[in-house]
There are 2 protein chains.
Amino acid sequence: MLTIGKLGASAGVKVPTIRYYEQIGLLPEAERSSGNQRLYGQKALERLAFIRHARDLGFTLEAIRDLLSLSDNPDQPCAAADAIAKAQLLEVESRLARLTALKGELERMIVQCAGGRIADCRVIEILGDHSLCATDHRHPRGDETS
Amino acid sequence: MLTIGKLGASAGVKVPTIRYYEQIGLLPEAERSSGNQRLYGQKALERLAFIRHARDLGFTLEAIRDLLSLSDNPDQPCAAADAIAKAQLLEVESRLARLTALKGELERMIVQCAGGRIADCRVIEILGDHSLCATDHRHPRGDETS
DNA sequence: TCTAATGTCTCTAGTAACTATAGCTTCAAG
DNA sequence: CTTGAAGCTATAGTTACTAGAGACATTAGA
Ligand SMILES: [Zn+2]
Ligand SMILES: [Zn+2]
Ligand SMILES: [Zn+2]
Ligand SMILES: [Zn+2]
């Protein structure tokens with residue numbers, strides 16, 4: 001049995017994050033010791049490692065919630081799990097496209113600046129006027145920039 | 001003079017967002033009409049367009065706050081502005097690197113799944129075990145995934 | 001065994017950048 | 001003059017945590 005600190009160290013997750021996952025129902029309520037401290041077994045460690053890895057791959061907690069409940073039904077077909085992964089891939093690809101455009105614009109504006117006064121700064125000028133940009137990099141609302 | 005709705009439409013920013021920017025001091029307090037409604041002139045439109053464009057390029061509001069105060073001092077040297085843009089470029093490049101790794105892993109896991117039961121699903125299996133991954137894509141804490 | 005340091009407990013609030021809701025007032029068109 | 005759209009304030013919700021306060025539990029050393 002692991003204390004919450006050991007569990008966190010094993011899975012690479014901070015202690016308050018574990019408590020948070022329990023609070024939102026992503027982890028089941030833990031057993032408690034006589035002194036009311038949480039105790040975890042191997043299954044909890046695996047579940048937490050799954051969550052951590054999926055977070056590292058950019059899945060949202062909502063997607064992870066679905067993936068976990070799928071993985072609790074081993075005899076079901078896996079189409080739903082694959083669909084979640086494919087959606088995540090699409091999301092990543094769209095962020096990648098946007099970030100690539102941003103990188104290009106940022107490079108362009110930095111290169112163009114000759115480094116004089118603000119009044120002549122190409123960075124400031126381009127920030128004030130998208131028509132000076134080479135690409136249409138604008139942000140569709142509800143889309144995460146990052 | 002523009003009403004808040006016209007201003008938002010002109011700059012491509014939602015009305016509540018404009019009020020939010022005013023609240024956090026990114027936009028100055030607007031003039032008011034006799035009926036207490038906000039009124040904006042050309043300068044406010046330019047400032048809001050600047051903010052919008054910088055947001056579209058992924059700058060944080062804090063960075064934008066600094067860029068705006070720099071652009072209010074046209075005779076200063078522009079090194080500080082350029083530094084902010086360069087920092088943003090580095091940020092974008094690091095996100096790009098991470099997302100590229102994520103894309104690779106997601107493609108790998110999707111391709112490997114034969115589409116059977118959850119128990120045999122490669123997606124679920126790999127999510128549970130990072131050692132099955134080809135790259136080290138792990139998320140340094142405090143770093144934005146997106 | 002006592003004690004000091006570390007770990008854990010609960011609860012609350014804060015982060016970024018908005019978005020949504022409620023309940024009200026003002027404005028513009030017909 | 002009336003109605004519907006637009007505007008006002010204030011509050012709360014979003015995501016995925018992180019930080020803090022103040023109290024209790026556990027462990028290691030002297
Ligand atoms: Zn410059
Ligand atoms: Zn642009
Ligand atoms: Zn599968
Ligand atoms: Zn991995």
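Letters A, B, ... mirror the listed sequences (proteins, then strands); counts begin at 1. Keep in mind that this is a model prediction, so the values were computed, not measured.
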Ranking dT26(D), dT8(C), dT19(C) by distance to the side chain of Thr17(B), first place goes to dT19(C)
Nearest-Å distance, CG (Leu2(A)) to P (dG7(C))?
15 Å
Side-chain ion pair, Arg38(A) and Glu22(A), N-O less than 4.0 Å:
yes
Let me know the distance between CD of Gln23(B) and P of dA16(C), rounded to the nearest Å.
14 Å
Checking contacts here: which listed nucleotide (dT26(C), dT26(D), dC18(C)) is nearest the side-chain heavy atoms of Gln37(B)?
dT26(C)
Report yes or no: do Gln37(B) and Thr3(B) form a side-chain donor-acceptor pair below 3.5 Å?
no
Please compare Asn36(A) and Pro16(A) by the position of their nearest nucleotide in DNA chain D and report the one closer to 5'.
Pro16(A)
Contact class for Arg19(A) vs. all strands (heavy atom < 4.0 Å): base, sugar-phosphate, or nothing?
base
Check every atom of dC8(D), dT10(C), dT18(D) against the side chain of Ile4(B) and return the nucleotide holding the closest atom.
dC8(D)
What is the distance, rounded to the nearest whole Å, between atom CG of Leu26(B) and atom C1' of dC18(C)?
13 Å
Only residue of Leu27(A), Val13(A), Leu61(A), Leu26(A) satisfying side-chain contact (heavy atoms from CB on, under 4.5 Å) with Tyr20(A) is Leu61(A)
Hey, does Tyr21(B) reach any base, or is it just sugar-phosphate, or nothing, if we go heavy atoms under 4.0 Å?
sugar-phosphate
Which of the following nucleotides, dA17(C), dT8(C), dT10(C), is nearest to the side chain of Arg38(A)?
dT10(C)
